[in-house]
Amino acid sequence: MSTPSGNPSASKIANVMQETRVFPPPSQFTRQALISSEAQYRELYERAKHDRDGFWGDLARQQLHWFRPFEEVFVGEGHQVAWFVGGQTNLSYNCLDVHLDRALGDRTAIVWEGEPGEQRRLTYTELHREVCKFANVLKRLGVQTGDVVSIYMPMTPELAIAMLACARIGAIHSVIFAGFSAEAVADRNQDARAKVQLTADGLYRRGKVLPLKDTIDEALTKSPTVQHCVVLQRVGNDVSMQVGRDHWWHDLMAATSADCPATPLDSETTSFILYTSGSTGKPKGIRHTTAGYNLWVKQTFAWVFDYKPTDLFWCTADCGWITGHSYIVYGPLSNAATILMYEGAPNFPAEDRFWDIIERHRVTILYTAPTAIRAFIKWGDHHVDKHDLSSLRLLGTVGEGINPEAWMWYHRKIGGERCPIVDTWWQTETGGIMMSPLPGITPTKPGSCTRPLPGVVPLIVDEDLQPVETDHGGMLCIAQPWPGMLRGIWGDDARFVQQYWTRVPGNYLTGDNARCDSDGYYWIMGRIDDVINVSGHRLSTIEIESALVSHPAVAEAAAVGRPDDLKGQAIAVFVTVKIANPSAELKDELKAHVRKEIGALAVPDDIRFTSALPKTRSGKIMRRLLRDIAAGKEDISQDTSTLEDYSILAKLRGDEE
Ligand code: 7RM
């Protein structure tokens, strides 16, 4: 670790984490893997770096169907780029029609399980048919190429069908997670100028019905551009239908033709926008394209998940997040994969639902989030022990850094020490995975997303924009354009340039900090804004949190800086524990534990026990809220619309000591 005394460099981030465990890929896995030798990776990586256009041009020709071939692989620079210029393709065609043409129509595309327990299976032929019909429905409602369709639906096959139907005709979907408030939906609909709304009568969550249509009715009073609303009957509750505006999904589908050729679309046609919360209130609609996005998710899915036709792939995200777009729908389906899609909560009817699903369906690849893994650990091993998880051969994580102890649990308890773990680092903005182990070749280190995929050229710089040395933390940038990169923020070019392209000229600024170790492995250190500055030493949140999580009593931890007259910032941590009634002595024990694990510099000044941490609806810890609370601010001035459980705020501010 860096020395607590001496002359800390104000612009670099101290690395205090000492993780030395290494797990080589099982040879059995390597033998069958798509990328099965280091030399193969090296060759791909070097070619993508030094012959970028040749590399991606060849892959684009092999991997995508072209109604019209492209003339140029890449033009532009910085934030203004275009890939596969002059070409025409279609995302829906590449996910469906190409497979039917290759006689794969009978292959299962979606295995779906509803929360109450119903099951459905759709072959590629059946999925194609539904998508074509729904695309015709959209056309009949007046939807044209370039129009925005807002989707607020439960995790049903119809949600994927709706997305693919939009893509088929060049309509731009904006999927909004079906847990957002009417206000949040209206904000996004207004910003996007959505023309049509898709929703359902309700959804099942932990055995209860959530009345989606009621929320949409309220949202539509403030969505003046929405002309039609299509309602899927999912739960069968009473809903009000506004004549002329609202239509039942099944009524519209009933008399509709299944003949709907995919529209050839220029490569750079916007395929979708997806809203993510910015640090300032207004959500930003991240804009992705057709060809570049399609190639990125197809290729990264193949490399990282090593998918084989015998696999059953389960990504537990919701389609309302980029993970659902890229690794439930577009990545897997472009590869003719069979996916499992689950509608409900991980703890309904009991905390073993995921393990039960894996056992019954024989899931082979599981892709989930650290927040879920920490919940499973807290719920207890007995839920896992009841089930046979021997079908699993590969595990993945996404969304946050994974604390090494949670990684170890995932490896032992879920992976039976036989499954590689791919810790995948990427963002809504990147379209698909950027850094990840390749499961057949990359020795893994718990907590590291390891190495960049071919085509990804990371650069870490300090605050003076100088590249940092090995093992020093700094701002993570991407130095070379890649096909899946975002092309803008919907309706706000200035913000796009300002946010991602200004601070480190010529590079894409990710907003994360990272360090690269002497093996060339990357360690994501958290968001740039979350760095804690103690007496000039800049500490990353994840390292303090991981030290706390490695204590047997701790389930989750969040570290933030709060103002301190002497040190600039003091370290405040919020901790959830696995035991009842944590004592004051435990606080001392945790401080001693952090001192032992990473050193005196990182010992928390304040420790607060809490029953839960504030999280976004996709499960990320909201440290910026905790920062205000730790500083004793009375009212939270920030955007809380993405907060999963609002009542947490009151609890954290108040009496839960
Ligand atoms: C896919 C997704 C992006 C942010 C990103 C990071 C954090 C995601 C990891 C991670 C450490 C990981 N898109 N993040 N994956 N941090 N290790 N493997 O999550 O747009 O919703 O979030 O999430 O901070 O910038 S996202």
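One-based numbering, in listed order, for ligands and for the atoms of each. Note that the coordinates shown come from a computational prediction; the quantities given were computed from them, not determined experimentally.
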Report every pair formed by an N or O atom of ligand 1 and a protein N or O atom separated by less than 3.5 Å, giving atom names and the distance to 0.1 Å.
residue: ligand 1; atom: 13 (N); partner: Thr428; partner atom: N; Å: 3.3
residue: ligand 1; atom: 14 (N); partner: Gly399; partner atom: O; Å: 3.3
residue: ligand 1; atom: 15 (N); partner: Gly399; partner atom: N; Å: 3.2
residue: ligand 1; atom: 16 (N); partner: Gly401; partner atom: N; Å: 3.3
residue: ligand 1; atom: 17 (N); partner: Glu400; partner atom: O; Å: 3.4
residue: ligand 1; atom: 18 (N); partner: Asp423; partner atom: OD1; Å: 2.7
residue: ligand 1; atom: 18 (N); partner: Thr424; partner atom: O; Å: 2.8
residue: ligand 1; atom: 19 (O); partner: Lys620; partner atom: NZ; Å: 2.8
residue: ligand 1; atom: 20 (O); partner: Thr428; partner atom: N; Å: 2.8
residue: ligand 1; atom: 20 (O); partner: Thr428; partner atom: OG1; Å: 2.6
residue: ligand 1; atom: 21 (O); partner: Lys620; partner atom: NZ; Å: 3.3
residue: ligand 1; atom: 22 (O); partner: Lys620; partner atom: NZ; Å: 3.0
residue: ligand 1; atom: 23 (O); partner: Gly399; partner atom: O; Å: 3.2
residue: ligand 1; atom: 23 (O); partner: Lys620; partner atom: NZ; Å: 3.1
residue: ligand 1; atom: 24 (O); partner: Asp512; partner atom: OD1; Å: 2.8
residue: ligand 1; atom: 24 (O); partner: Asp512; partner atom: OD2; Å: 3.1
residue: ligand 1; atom: 25 (O); partner: Gln427; partner atom: NE2; Å: 2.9
residue: ligand 1; atom: 25 (O); partner: Asp512; partner atom: OD1; Å: 3.1
residue: ligand 1; atom: 25 (O); partner: Asp512; partner atom: OD2; Å: 2.7
residue: ligand 1; atom: 25 (O); partner: Arg527; partner atom: NH1; Å: 3.0

Can a cation-pi geometry be assigned to Arg451 and Tyr522, taking NZ or CZ under 6.0 Å from the six-membered ring centre and within 45° of the ring axis?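 No.
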Residues two or more places apart in sequence or in another chain: which of them pass side-chain hydrogen bond (donor to acceptor under 3.5 Å, both in side chains) with Gln427?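 Only Tyr508 meet the side-chain hydrogen bond (donor to acceptor under 3.5 Å, both in side chains) criterion with Gln427.
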Which residue is it: Thr541, Thr510, Asp512, Asn513? I am looking for the one with a side chain to side chain donor-acceptor pair (under 3.5 Å) to Arg527.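 The option that passes is Asp512.
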Filter on ring-ring contact (aromatic ring centres under 6.0 Å, His included), then keep only pairs touching residues 441-471, sequence neighbours left out; what's left?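 Every pair satisfying ring-ring contact (aromatic ring centres under 6.0 Å, His included) with a residue in residues 441-471: there are none.
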Just to verify, what does Arg21 make a salt bridge (charged side-chain N to carboxylate O under 4.0 Å, His left out) with, not counting sequence neighbours?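 In terms of salt bridge (charged side-chain N to carboxylate O under 4.0 Å, His left out), with neighbours along the sequence ignored, Arg21 is linked to Glu19, Glu405.
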Taking the six-membered ring for Trp, are His325 and His173 parallel (under 30°), tilted (30 to 60°) or perpendicular (over 60°)?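 Rings of His325 and His173: tilted, 30 to 60°.
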